[in-house]
Amino acid sequence: MASTDRPAPLRLGSIAPNFQADTTNGPIDLHEYIGDQWLVFFSHPEDYTPVCTTELGEFARLEPEFTKRGVKLLGLSANTLGSHEGWIKDIKDVTGSQVQFPIVADKERKIAYLYDMIDYQDTTNVDEKGIAFTIRSVFVIDPKKVIRTILSYPASTGRNSAEVLRIVDSLQTGDKNKITTPVNWVPGDDVIVHPSVKGEEATKLFPNLRAVKPYLRFTPLPNA
Ligand code: BEZ
C-alpha cells in the first residue's frame with residue numbers, strides 16, 4: 001500500500017474510527033458495540049502464537065474485572081474466523097480460560113491498518129512466515145468513542161494486563177474527580193490535585209491536601 005494512502009494518524013483525543021467486522025461472536029459495528037461503555041481494543045500479530053496465547057488467556061481470566069468497571073473487551077488478530085475458533089479452544093486448553101469477548105477476524109489487516117496497529121512500514125511488511133510486523137497494540141476508548149490511551153508493544157513482549165486495568169482506573173478516577181495520578185499509582189493510593197484546580201476550590205474539594213510544592217499537591221481521594 002502506498003504511503004500516501006495512510007489514514008489520518010490516531011492520537012489521544014481522536015474519535016475511534018468506526019468499522020464493521022466479522023468477529024468470533026458475530027458481526028459488529030464498533031460504535032454500536034461500545035454503546036455507553038468503555039472499550040479496551042487490543043490486537044495480536046497472529047493466531048496460534050505463544051505470547052498471544054498467554055495474553056488472550058489472561059484477558060479472558062480478567063474479563064470480570066473489566067466488566068466491573070464498565071469496560072468491554074475486543075481482540076483482533078490477523079487471521080480468519082475459522083482459525084480464531086480453533087485457537088480459542090487451544091487458549092482454554094493452555095490457560096484454563098474461556099475467551100468470551102469477540103475477536104475480530106482481520107486477515108487482510110484492514111482494521112489493523114486503520115488503527116495503525118502495524119509497524120513503521122505498511123501492511124505488506126511481513127516476516128518469512130507471513131506474520132505482519134507488528135500488531136500488539138492497546139486502545140482504551142471511552143463511552144464518547146474518544147481514544148484515551150494508545151499502547152504499542154513489540155511482538156516479542158507480552159503486555160501487562162494489570163497495567164491496562166490500572167490505566168482504566170486512572171482515567172475513570174480522573175474523569176470523576178479533578179485529579180491526576182502519580183507514578184506507579186494504584187487505586188487506594190493518594191492522588192494529585194489537578195493543576196487547573198486552584199486556591200479555595202482546591203481546599204474545599206480536597207480538605208486533606210498536602211502541598212509539597214505549589215504545583216504538587218497530594219490528596220487522599222475524597223469518599224474513597
Ligand atoms: C507470539 O505471540 O509469540 C509472537 C507473535 C508474532 C511474532 C513473534 C511472536
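Only this structure's heavy atoms are used, side chains among them; waters, hydrogens and symmetry mates stay out. We count ligands from 1, going down the list as the structure has it; atoms in each ligand are counted the same way.
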Distance-only donor-acceptor hits, side chain of residues 92-103, under 3.5 Å, sequence neighbours excluded:
unit_1	atom_1	unit_2	atom_2	d
Thr95	OG1	Ile91	O	2.7
Thr95	OG1	Ser97	N	3.2
Ser97	OG	Gly57	O	3.4

Tell me which donor-acceptor pairs under 3.5 Å the side chains of residues 143-150 have, and how far apart each pair is, sequence neighbours excluded?
unit_1	atom_1	unit_2	atom_2	d
Lys145	NZ	Gly35	O	2.7
Lys145	NZ	Pro143	O	3.1
Arg148	NH1	Asp142	OD2	3.1
Arg148	NH1	Asp175	OD2	3.0
Arg148	NH2	Asp175	OD1	2.8

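Ligand-side atoms of ligand 1 in range of Arg136: 1 (C), 2 (O), 4 (C), 5 (C), range being under 4.0 angstrom from any heavy atom. Atoms of ligand 1 lying under 4.0 Å from at least one heavy atom of Pro45, given by number and element, are 5 (C), 6 (C). The contact set between ligand 1 and Thr49, taken as ligand atoms under 4.0 Å from a residue heavy atom, comprises 1 (C), 2 (O), 3 (O), 4 (C), 5 (C). Ligand-side atoms of ligand 1 in range of Cys52: 1 (C), 2 (O), range being under 4.0 angstrom from any heavy atom.
The N/O atoms of Pro50, backbone and side chain alike, include one that comes under 3.5 Å of an N/O atom in ligand 1.
Under the 4.5 Å side-chain heavy-atom criterion for ILVMFWY residues, no single connected hydrophobic cluster contains both Leu56 and Leu81.
Note: His44 and Trp87 have perpendicular aromatic rings, judged against thresholds of 30 and 60 degrees for the angle between ring planes.
Residues Ile118 and Tyr113 form a side-chain contact, since some pair of their non-hydrogen atoms from C-beta on lies under 4.5 Å apart.
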